[in-house]
There are 2 protein chains.
Amino acid sequence: MSQSIEQPADGTTGRTPVRAVPTSADVARLAGVSRATVSYVLNNTSAVRISEPTRERVREAARELGYVPHAAARTLRAGHSRLVLLPTAHVPVGPLYSGFFNDLQWALRRLDYTVVQYGSVGLAAEDAARAWAELRPAAVVSMGEVEVTPGAVEILRRSGVKAVITVGTRAAEGTHSLVLDQPRVGEVAAEHLIATGRRRIGVVVPEEPGLGMFSGPRLDGARRAAEAAGATVVPLPLAYTEESAVALAARWPELGLDAVFGYNDEYAMLLMRALQDAGVDVPGDTAVIGADDLLLGRLLRPRLSTVHIDLIEGGELAALVDDAVNGTADATGRRPLLDSRVIVRESS
Amino acid sequence: MSQSIEQPADGTTGRTPVRAVPTSADVARLAGVSRATVSYVLNNTSAVRISEPTRERVREAARELGYVPHAAARTLRAGHSRLVLLPTAHVPVGPLYSGFFNDLQWALRRLDYTVVQYGSVGLAAEDAARAWAELRPAAVVSMGEVEVTPGAVEILRRSGVKAVITVGTRAAEGTHSLVLDQPRVGEVAAEHLIATGRRRIGVVVPEEPGLGMFSGPRLDGARRAAEAAGATVVPLPLAYTEESAVALAARWPELGLDAVFGYNDEYAMLLMRALQDAGVDVPGDTAVIGADDLLLGRLLRPRLSTVHIDLIEGGELAALVDDAVNGTADATGRRPLLDSRVIVRESS
DNA sequence: TTGAAAGCGATACCAA
DNA sequence: TTGGTATCGCTTTCAA
């Protein structure tokens, strides 16, 4: 196989002393004005009126020098940044999250924020908070992958972070919290299975770390629905490997289950295949339902039933972030943040 | 369904004038030393000897105040940051990339860099470059999702960015380029199909935007292999929807293909299911192979053959980034960056 | 061993 | 309408 590592053709890296980075003073000098004027022109400061010829000279000088303002200097002077920090742990998987992230970033950029994701794998909550705080972001928006402890919130607050927003399974103290109703996902799944005559329901609990924040509440929701109907729920630990699924399927007769909620479509697909290979008829012997409504679920036979989840829209969260930064956020206008509904196909 | 937006219980947001953020001057005051001493202690400056009691007083004061250094001020003073910017467009899909990203971030943090991902959807190359340049990162590492034009490189260079590194399908001018051999993926797939007696090979070309950087080279690689063996390659545009797959499968008889390379496992799974539903026997009538070696490919029947791709390790890329920033990167030590091999299962 | 002070780049007040 | 200048928080040289 071929491969290559290429270097810049010229010697611009390292050796050659890089041409000094242009500052607003350089722009001022070239345009023959003061630095203040440069600032006024480049920021379109409306409180000050600058003649059009001067404006043009300044802009031309900036263009010629390739001037780019220095965010750190601006931040220092302003006393605050326009940075919004999105901590991420495991890179969010699935079209649900990735679409959401793109929307959010786009909407925040329209509001003149600079959005960055900060990978925080392997950092304890408060170490992570200190790392974030060094950047003095205007806001931190946690999507529930990274734990935000009260101590972490305190660190951020004392560092001048205007808003801490958490989106997750439960409210985090001291933050603006958007609580996504994860139990509801398990509940609608269980209700559907019960309504179609099932009584002993297995609920997959992924063994992969980092999913506990979601799987626990979904299990609880299923339990709630089962108790209300006199049905039984059995937790089923499962790793995302073929071996684990085969092992679980092998125990199926002794478990005596007539239905299973697979946590999400991926785990459900994995388990369904293992069950079929073990001679279990789906949905005859056991009904199977997943969650997330992945396209792939329609490719198996029987087609996989699923719980469709509607997430809050990125644009709305962006507006909330802006309000929180400005201190104008309120608790009015509450609306559904997470809507769950069953899509019945062939596996249940 | 239930939902809620919660606010901080106390009135810390907006109204209450937030307690001033502690600076190193505050720490100095509390510890009864100068700001210089604080800096020495907190940065473990080895060139200066500070008595142990003093060090402890400073550290204690910092702890008590919840002091967190101000990255912008440090950057301004130092003349450079320790920021590494990873532009992302579409959130990287698949376990291959997400594992890689985590490794890279972890390794760079060990080298004392601050890594952030910058979502750059919907920004033209040079606008994006200006946005990145405002942050004055030490390095920009593009994973091929965002185009890095020569103009963009120039903007970054003039803003003092020490290293621009691109990982993608081809070298980008003026950057350290890691060229991943995408054609090789298509080539090994086609070679395998030809070796098993296939002669008319379809190659899926995803219609989704942003995948062109990968699909084109893979198609070219397949073409190369086919030409060498006197076989034929037919490009097959396909959107990632069930309808598109069904429509393509309906045209199958007139296409007269005896094999298809599905671009990756997801497209391959989608198409294989549509083919089966249309009465095409896999692999009897038509062989199918994907790429990426997803677990899900093993869940279909027949099990999906695939091209397994080994990506460069995050830790190695981190080392290269560090060398590039320090100007010590060289072109020696070339090694495979991307290795492709066929995993034959049942669909081919 | 510690302190005083200059200066990084951009902005906004106050004069002119 | 434009310019001079103090200031943000931190690091580092030079003096003490």
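By convention in this document, chain letters (A, B, ...) are assigned in the order of the sequence lines, proteins followed by strands, and residues within each chain are numbered from 1. The figures here come from the full heavy-atom set of this structure, side chains too, leaving out hydrogens, waters and symmetry mates.
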Using the side chain to side chain contact (heavy atoms under 4.5 Å, CB included) criterion, which residues pair with [X]? Sequence neighbours excluded.
X: Ala139(B); answer: Val84(B), Ala163(B), Val321(B), Val325(B)
X: Arg55(A); answer: Val41(A), Asn44(A), Ile50(A), Glu52(A), Arg59(A)
X: Leu76(A); answer: His70(B), Ala73(B), Leu76(B)
X: Val146(A); answer: Pro87(A), Ala89(A), Ser120(A), Trp132(A)

Which pairs, with at least one residue in [range] and sequence neighbours excluded, count as a salt bridge (charged side-chain N to carboxylate O under 4.0 Å, His left out)?
range: residues 102-117 of chain A; value: none
range: residues 129-138 of chain A; value: Asp127(A)-Arg130(A)
range: residues 61-72 of chain A; value: Glu56(A)-Arg63(A), Glu60(A)-Arg63(A)

State which residues pass salt bridge (Lys or Arg N to Asp or Glu O under 4.0 Å) with Asp26(B); sequence neighbours excluded, sorted by chain then number. Arg29(B)

As a test of understanding, state which of Val164(B), Ile165(B), Val167(B) forms a side chain to side chain contact (heavy atoms under 4.5 Å, CB included) with His176(B).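 The option that passes is Ile165(B).
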
Kindly write out the residues that satisfy side-chain hydrogen bond (donor to acceptor under 3.5 Å, both in side chains) with Tyr118(B), not counting sequence neighbours, or none if the list is empty.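 So Tyr118(B) forms no side-chain hydrogen bond (donor to acceptor under 3.5 Å, both in side chains) with any residue.
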
Axis-to-axis angle for the helix from dT1(C)-dA16(D) to dA16(C)-dT1(D), ends of five pairs each, to 10°, equals 40°

For every nucleotide of nucleotides 9-16 of chain D, 5' to 3': is a protein heavy atom under 4.0 Å from its base (B), only from its sugar-phosphate (S), or from neither (-)? BBBBB---

Going 5' to 3' along DNA chain C, which are the first and last nucleotides with any atom under 4.0 Å from a heavy atom of chain A? dG9(C) to dC13(C)

